[in-house]
K.L.:
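Got a structure for you, questions after.
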Amino acid sequence: MLEGINKVGDLEWEVPIGYVPNMRVPGRFFLSPSLGETLEEGAIRQLANVATLPGIVKHSLAMPDIHWGYGFPIGGVAAFDMTEGVISPGGVGFDINCGVRLITTPLTEADLSGKKRELIESLFAAVPTGVGAKSTLRVSNKELSDIMVDGARWAVERGLGTSADLARCEEEGAMPGAQPETVSAKARQRGVPQIGTLGAGNHFLEVQVAREIVNPEVAKAFGISEGQVCFMVHCGSRGLGHQVATDHIRVLEGALSKYGIQLPDRQLACAPIDSPEGRAYYGAMVCAANYAWANRQVIMHEARKVFSQLFGIDYDEMRLIYDVAHNVAKFERHDVDGASMEVCVHRKGATRAFGPGAAGIPREYAAIGQPVIIPGSMGTSSYLLRGTSTAMEKTFGSTCHGAGRVLSRSKAKKEVRGRELREQLAGEGIVVRAHSDAALAEEAPEVYKPSGEVVRVVHEAGLSDIVVRLEPLGVIKG
DNA sequence: ATGTTC
């Protein structure tokens, strides 16, 4: 492990005050020795830098998928006092409300035999993918405002889903507090043609099978059983969210001196939560988050139609288990030093993992804790877990979000050949469809930390419980 | 992640 870091538990480490100047609280992160081998010193310094921000509460935190990001580390969690604290786009990420949803089907693997290629090709035809992908939907500028306020509900009201879907989304698919007037014309321009599109990079729509039921009782409550075919949607707010982040980072950088905020890194640009600039970022961030929920809802709808047509199953037989955000800032109540207080929790590449009885999780899951969905990298397992009371105590109800990159995109392109990768996955029975083989190289399994190990750490550390392991059968990518 | 360095 790095010098100056203290072990405080089997899988828990502390970055003490003083690791960088002006830290207000210690840093804490969760990691196994094997994951420690790929730990970047720069990411730990970022974790420590976050601890210098005004109003930070308890600890600057990171999950075992920690890696170097813009200002804040990816895999980072930080909570701020509502009066003294700040809000920062770097603590959310550029892809606002990047997230994941998991849907069950009534099919088994055998039902797919001989039809898997056709299924993947049909999904690829139905869901626009890739950088700059354009929607088949036509929405007006007025409708975009509705999307930014109503989120997934906008899609359901248009017939693209059911009201039961909404109950199974974090925030029921729309956070309150959207302020469309804080979203620039440029961001709107990027958002209008992209609703219902998957995007690129690690985003995907994957057909999976529930291979291993680790916790049968909870799996039953979540409505998933061994051998069941499922599909998973992983995407975010596309160009709109990216533009919102870009626009507001510029504004917040310009306001730092006004609020007397001194930063160790300009990428931590922030403003007091209750300031005009802070409120404007929050209002715009909510718009982008709601756009992302609408986006995943539309994509799920299109995929349901494909399954329906190909296998003759009813739309309603494909049940959304849950939809989680992993790049967002939220106002939540948490116990801090024995007292309940409202804080602004930033999760950047981290998933909410509220335990049994926590406010804000669907009633049907209240007694068992919320579903947590962790996507794997291409060709590797994904996981369904549940939130825990330990997460509530230690990480403001948060856990990891996925694998975490270990090789840059440019290095990956040099070291991996996309065509060989596609053929190798085909040999394992996994059908991959993308616009080009070149795009696949950047997302090869070996450029990510092993997701199974990341998930094992959060499970062992008690931040969430593994319920089901899912294996890929086929995937569409940008 | 991203009209992949406005």
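Computed over heavy atoms, backbone and side chain alike; hydrogens, waters and symmetry mates excluded. Each chain gets a letter, A, B and so on, in the order its sequence line appears, and its residues count up from 1. These numbers were taken from a predicted model, which means no experiment stands behind them.
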K.L.:
Between B:dT4 atom P and A:Glu442 atom CD, what is the distance in whole Å?
P.N.:
13 Å
K.L.:
Does the plane of the ring in A:Trp13 sit parallel, tilted or perpendicular to the ring in A:Phe29? Use 30° and 60° as the thresholds.
P.N.:
parallel
K.L.:
Under a 4.0 Å heavy-atom cut-off, which of residues 236-253 of chain A touch DNA chain B?
P.N.:
A:Arg238, A:Gly239, A:His242
K.L.:
Let me know the distance between CD1 of A:Ile96 and C1' of B:dT2, rounded to the nearest Å.
P.N.:
12 Å
K.L.:
Between A:Arg250 and A:Glu253, does at least one N-O distance fall below 4.0 Å, as a salt bridge requires?
P.N.:
no
K.L.:
Please tabulate, one pair per line, all N/O donor-acceptor pairs under 3.5 Å involving side-chain atoms of residues 47-58 of chain A, not counting sequence neighbours.
P.N.:
| residue | atom | partner | partner atom | Å |
| --- | --- | --- | --- | --- |
| A:Thr52 | OG1 | A:Asn49 | O | 2.7 |
| A:Lys58 | NZ | A:Glu393 | O | 2.7 |

K.L.:
By the 4.0 Å heavy-atom rule, please label A:Gln189 as base, sugar-phosphate, or nothing.
P.N.:
nothing
K.L.:
Between the side chains of A:Arg405 and A:Tyr448, does any donor sit under 3.5 Å from an acceptor?
P.N.:
yes
K.L.:
Just list the side-chain donor-acceptor pairs under 3.5 Å for residues 410-418 of chain A, sequence neighbours left out, or say none.
P.N.:
| residue | atom | partner | partner atom | Å |
| --- | --- | --- | --- | --- |
| A:Ser410 | OG | A:Ser408 | OG | 3.2 |
| A:Lys413 | NZ | A:Glu442 | OE2 | 3.3 |

K.L.:
What is the separation between atom NZ on A:Lys477 and atom P on B:dT4, rounded to the nearest whole Å?
P.N.:
19 Å
K.L.:
In Å, rounded to the nearest 0.5 Å, how long is the span from CZ of A:Phe354 to CD of A:Glu332?
P.N.:
3.5 Å
K.L.:
Indicate, with a heavy-atom threshold strictly under 4.0 Å, whether A:Gln194 touches base, sugar-phosphate, or nothing.
P.N.:
sugar-phosphate
K.L.:
Under 4.0 angstrom, heavy atoms only, what part of the nucleic acid is A:Lys186 near: base, sugar-phosphate, or nothing?
P.N.:
base
K.L.:
Expressed as a whole number of angstroms, how long is the span from A:Tyr70:OH to B:dT4:P?
P.N.:
17 Å
K.L.:
Without decimals, in angstroms, what is the distance between A:Lys411 NZ and B:dT4 C1'?
P.N.:
18 Å
K.L.:
Between atom CG in A:Leu198 and atom P in B:dT4, what is the gap in whole Å?
P.N.:
18 Å
